[in-house]
Amino acid sequence: MKPAPFRYVRPSSVDEAISVLVAEGYGAKPLAGGQSLIPTMNFRLALPAVLVDLGRLDELRGIREGGANGDADGLYIGAMTRHSEVERSAAVRERAPLLAEAMPWIAHPQIRNRGTVGGSLAHADPAAELPAVMLALDARIHLRGPGGDRAVQFCDFCTGFFSTALAPDELVTGVEIPALPNGTGTAFEEISRRQGDFALVGVCAALSLDAGGTCTRASVTLLSVGDGPVCAKTAEDALRGRALTPDAFRDAAEAAAARDIDPPADIHASAAYRRQLTRVLTTRVLETAARRAAGA
Amino acid sequence: MGETLTIRLTVNGNEYDRSVEPRLLLSDFLRHDLHLTGTHVGCEHGVCGSCTVLVNGESVRSCLMFAVQADGAEISTVEGLATPADGSGIPHPEDADLHPIQAAFRESHGLQCGFCTPGILMTLVPFLEENPDPDEEQIREALSGHLCRCTGYQNIVKAVRLAAGRMRS
Amino acid sequence: MSHDTTFAAPPAEAPARPRQVGASPLRNEDRRLLTGEALFVDDVHLDGMLHAAFVRSDYAHGILKSVDLTAALEHPGVVAAYAAHDLGDYWEPGPLLVPPPPIEQLEFHAATQVPLARDRVRHVGEPIAVVVARSRYEAEDAAALIEVDIEPLEAVSDLEGGLRPDAPRIHDHLESNLAAHVIQRKGTWEEARESAHRVIKRRFWYDHGASAPMENRGIVADWDARSRELTVWDTTQAPIPIRNGLAAMLGLPQSEVRVIAPFIGGGFGPKIMMFYPEEVLLPWISMRLGRPVKWIEDRQESFFATTQERGQDHEAELAVDEEGLILGVRDEFLCDTGAYNPYGLTIAINTQCTLLGPYRVPHYHSEFRMVFTNKPIVTPVRGAGRQHGVFVMERLLDRAADELGIDRVEIRRRNYLTPEEFPHDHEIIYQDFRPLVYDSGNYAEAMDRAAEMIDYSGFESGVRAAARAEGRHVGLGIVSYVEGTGVGPYEGARVGIEPGGRINLVTGVGTQGQGHFTSFAQIVADQLGVGADEVEVVTGDTARFGWGTGTFASRGAVVAGNACHAAAVLVRKKVLTLASSVLGAAEEDLDLADGLVRVVGSGESVSLGDLAARANPLRGAVTPGTEPGLEATAYFGPERGVTASGVHAMILEVDPDTALIRILRYVVVHDCGRVINPMIVEGQIHGGVAHGIGNAFYEELVFDEGAQLLNASFMDYLLPTATDVPTIETDHVETPSPLNPLGVKGVGEAGAIPVGALFAQALEDALDIDGFEVREIPLSPNRLFELIRDAREEG
Amino acid sequence: MLIESEFMFDVPPEVVYDGLLDPDILASALPGTDRLDLTGEDRYEGEMEASVGPVTAARFSVVVELKDKVRPESFDMHVDGKGKAGFVNGIAKVAFEAKNGGTVMKYRADLQVGGRVASVGQRLLESVGKMMSKQGLEAVSRSIDARLAPADGGAVATTGTGLASSASLPATGGKRKILLIVLAIVAATLLVLAL
């Protein structure tokens, strides 16, 4: 279990990194935190010819209050920000509590000390927490390539199984999380075999209530039940415009489990078991989010 | 051997300049290039935690890092935990030279075969700095990134409590 | 130099006041382990050392048509590469380690593993070629260049299917895939069935798993032609048999082979297996190349290259009377032995014997068939088939209790053998070839204590009622087991006192983390009146001690421990004899304490160091008929194994909606005879229980129908972590074994044995769904979800 | 590993069946195919490379043979793919039934996946199968759309929805397109190797 040989390049700026990607073409792979890539290389299931180490791109690191487009209450997280930095950030706790709640579920502290936000989003593992969270929060992901910068809504970024809208010569530079409307409550929970394992199922919810207690905005996303993060649209429909009663949660959870997903089976969970966990977990997460919304 | 690169880094306070292949894992670099074999390798896919070391004060899996990535870093391994020996080679009868976590592991029988132990110790050093008074749940969560096949973890938890108490006072 | 060797019982027990045995001194080995100084095999670094990597079969079964090493040999850094045909006469199947015991009419067919596959591959991961290069990285690069052509054959993956007449045959020299067929009987089962009030019949599946020590296997071999010494560092639990075997294979005298098992990072059974192909090849390669060679198994390889333990399919019947007394048991089972069976019948016989448990079973019919499959080799893993038997018996008793309306603790109590019934002969043969005779025990007391600790009588109105009020489902489990431990043939030890007063203890048994450096030291310390930390223990180096077998079958403390004791008693005798003449006092008036021999009642004393110096004089003469030095070697060989036992109890919470579980309490009452070091014994139990929890709910080797293993990594083969294993509350019952002077019994495997049966009972108790029965282990949340769903749909 | 699927065609079985004997456009439908040659009667050999997520090592050679052909009812497709990261082999049984003037094609592949991809990648195997199947069908749909558009002068609705689903194709699809569909499914099963 030793990686195959590769060439190693350590650019000192994003533009330099991109020019390396352009020059090397297919076979060059950006190395962010490496916590998914390096084990795959150790198994010799990934054989990149060139690794472009983004570790010294300090310009991609850090958490900034305020979004890119003057959204003063938003949040911007640089791609090379480590999970542990996000986990400890007071700004994240205050402005994106859903993200803060999800962070401890990502693997173990030793992995979070190396893994990066941009790396996880670009990797797009369907069992990963961050893509589902970003989808629930309607985040915008910022990319840079030889043609310059562009931003993509997160729902358009994930295109399928380990697939994204990121071009081979582009890098994720950061992700922008808009402020949530007042009266919004969020919640995250997942079930895994052991602490830190890949989720069997995970659920993110963001519910907004009006003064009368009617749900005005519902965002329910799921992980580990499809090709990528799944937006539970019929579940959301079952919530919007309704008072958030136990019946509403049950209907939404049932919709999520029965209609929004086509879960894969593996040795740890059959499709039927994933549906059942989705049902139970969605109910729980919605209850928590609604309670928080009511208190918000 | 393919292309090599020169790296400079500090391990347990000592500076090293070495020429390495880019693909050399940090775990192998420490063990086989620097002969610091106290860091153990159990799975090479980031699950077992045996190879945990500190990179700039943070616990990381050294099997999930290339040595070239550690260029310029300060690394701590289990060999650096105890107070440097006085050269006599005679172990202190009361284990006074051991780090309080090491001593607590011995007193609590927190190790059996001892293979996973160095990695666990390296996780606990920053953990107890950040959480000087952890409860059992926090301790078990902190340990959950390590596999131990011998102890059933019970005496490791006991050792962490003992060490935490001593380090607080 | 060795003197005073004896195989007989040691001289009359010295009047040592137990000070160290029974206490828990801190472990002598810990400092080295905690500071990173301890030497493990992968820590060995030698100048000019080369590194080996293996090419292994991707196919479970196939014809090996060709192996082309050309590209690998041309790869930079590669020094050599070998396939089977390169080995010439050295290529030979491994030895049958455990031939079948003397059981009448048994059928046994041996097929042992080969160093490199020659014309057939029989399991995924079977080695086909080996590359030797300057680094492991380069060796793996080159291994990827070796072209292997395999024509796939249909694979045998299930036990029943493997025995069908049209099943693909794995070994051409055998007529079928039947490895063994064994029947053991006691009394007449048919009689029991005829007279029974009820006969309960069930089919059970019990699968075991990987040993998964944190340290993978590894070997460093170094042939020095000038000193004519082959040194082999090996992660083995049995260095001496490895030395003997290697010497024979390589045509060297045993004196030119030194095998060192340094610190071993856990073994749990498979590191006793021999000879692994890598063990055979590395020394041979070192001799051919004249350079040291290292191979360290990686984690992925370990799932194929290291032996494992797997499943048994039981069809069992229990005949009981109206009172729940056992009249007889019939059990018929299939046992997977993998592609080869170097370990013979060991696992299945353990199952057969352990099934009887702590119970009086007048009639027993047990029949098994071992089946070759295209899966990795099966050899014992912690428990070694015992858990399979315990599962069957405990499950049947649970059903009997249900059907007869008898409390589950009560039905066990009614059937326990009582202390007056020992020795109790079960009239069948055990794995050590000796009759299965229990030496001692007090099962009812262990049950009483466990029931009290878990508050069995108060559970319903207490914990359960409280949980129910909150809509939670909790259940209690409580089960018994008996475990044969400490089997022969023998171990030896040498104890010596140096002129400086240092005390040395050398044994050959090896260690895998069980604290031998401390518990053996305690045994010697008591005889010589010193502290355990003053006894330096060396183990696992054939240059230091050349006789012994190894650490397996929970035998270290029993067999090697008693050898240490015997040697220490002899040295004590020498000390007293010499001190008597030095101090001019009768031996009876002497006392050993604090490294001194004192004359009781007077202030006169002499130190052990002084005595050692006097015993090895530079001038004058050693009295004829005496020997120099204060040193003795002794051996201990038990007449037969000793019987440890215990009761485990747990309270478990289940969420029927998610099928997730939480262990709320776990209690173990254990009897391992006299306890040498309670701290170490408890640690062994904790680890065993964790291993058992893994077996019951987390760990499963998942093979598909083509015998491909689907979870050969720690991502998917789930060892329990700190958040999965509860705090374990322990207590001891001590019934010293009459079969050895220390009165000890083994403990290494105990914790792991009854956990599956316990889970099953606790789950049923917690869920209380009609028709919900657990007849299989391992479970998982997914499997539990299915069982709950099926029971509800049927109900 | 079992992969089962069912497809509806609007052309009769004979047309569907005959379409499968045309080898020349297969490669373009298979992602990552370097070459695919007809090397004997009903025998194709090729080299493929696939990547999924971080996995880039799934380069393999593949042999596909058609056997037991019963025109226009059924044939078996023997698949043998080998690579450094593992192998896949097995038999795909393909059967055609006339229904309402069209054809129901049933496809059942019993495949053995082995080696590293099986032992390390189990979590992703089924998803990969689904994804590749879906991608293959989408590629086929696009190809058919492109071919039929000029002739029919209008858009053609085709769907590709993955495993255990059906794809309905227009009557004038022609045999080449049908070949594409079937071989895309084979590709899907082979690309399971990609983990």
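The sequence lines fix the lettering, A, B, ..., with proteins before strands; numbering per chain opens at 1.
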Query raised in the report: Heavy-atom distance under 4.5 Å to chain B: side chain of Arg56(A), backbone, both or neither?
Result: side chain

Query raised in the report: What's the shortest heavy-atom distance between Pro3(A) and Phe66(B), and which atoms?
Result: CG-CE2, 3.9 Å

Query - Side chain proximity check, Val41(B) to Met1(A), heavy atoms < 4.5 angstrom - result: no

**Report entry** chain B interface, residue from Gly55(A), Gly33(A), Ala4(A) that has the most non-hydrogen pairs under 4.5 Å
**Finding:** Ala4(A)

Query raised in the report: Is it true that atom CZ of Arg8(B) has more than 12 heavy atoms of other residues, nucleotides or ligands lying nearer than 6.0 Å?
Result: no

Query raised in the report: Is it the case that more than 12 heavy atoms not belonging to Glu74(B) sit under 6.0 Å from its CD atom?
Result: no

Query - Flag side-chain contact, heavy atom, 4.5 Å: Leu64(B) against Ile111(A) - result: yes

**Report entry** Contact class of Asp28(B) relative to chain A, heavy atoms under 4.5 angstrom
**Finding:** side chain

Query raised in the report: Do you know the tightest heavy-atom contact between Glu21(B) and Pro5(A)?
Result: OE2-CB, 4.5 Å

Query raised in the report: Where is the tightest heavy-atom contact between His108(A) and Ser144(B), given as atom of each residue plus distance?
Result: NE2-O, 3.2 Å

Report summary line: Highest number of heavy-atom pairs under 4.5 Å with chain B among Asn113(A), Asp197(A), Leu51(A) belongs to Asn113(A)

Query - Pairs of heavy atoms under 4.5 Å with chain A: top-ranked of Met122(B), Arg23(B), His45(B) - result: Arg23(B)

Query raised in the report: What is the minimum heavy-atom distance between Phe6(A) and Glu3(B), and which atoms define it?
Result: O-OE1, 4.1 Å

Query - Leu5(B) portion near chain A, given a 4.5 angstrom heavy-atom threshold - result: side chain

Query - From Glu44(B) atom CD to Ile38(A) atom CD1, the distance as rounded to the nearest 0.5 Å - result: 12.0 Å

Report task. Look up atom CD in Glu58(B) and atom CZ in Arg82(A), then write down how far apart they are to the nearest 0.5 Å. Result -> 8.0 Å

Query raised in the report: Can you tell if the side chain of His146(B) reaches within under 4.5 Å of the side chain of Gln110(A), non-hydrogen atoms only?
Result: yes

Report summary line: Note: Gln69(B) and Asp53(A) closest approach over all heavy atoms is CG-OD2, 3.6 Å

Query raised in the report: Ignoring hydrogens and geometry, is there a side-chain-to-backbone donor-acceptor pair from Asn42(A) to Leu25(B) under 3.5 Å?
Result: no

**Report entry** Val60(B)/Arg114(A) under side chain to side chain contact (heavy atoms under 4.5 Å, CB included): CA gap, chis, key distance, verdict
**Finding:** CA-CA 7 Å; Val60(B) 307; Arg114(A) 292 293 300 167; 3.6 Å; yes

Query raised in the report: What residue in Gly34(A), Pro39(A), Ala107(A) has the most heavy-atom pairs under 4.5 Å with chain B?
Result: Pro39(A)

**Report entry** Euclidean distance, Gln35(A) CD relative to Met65(B) CE, rounded to 0.5 Å
**Finding:** 9.0 Å

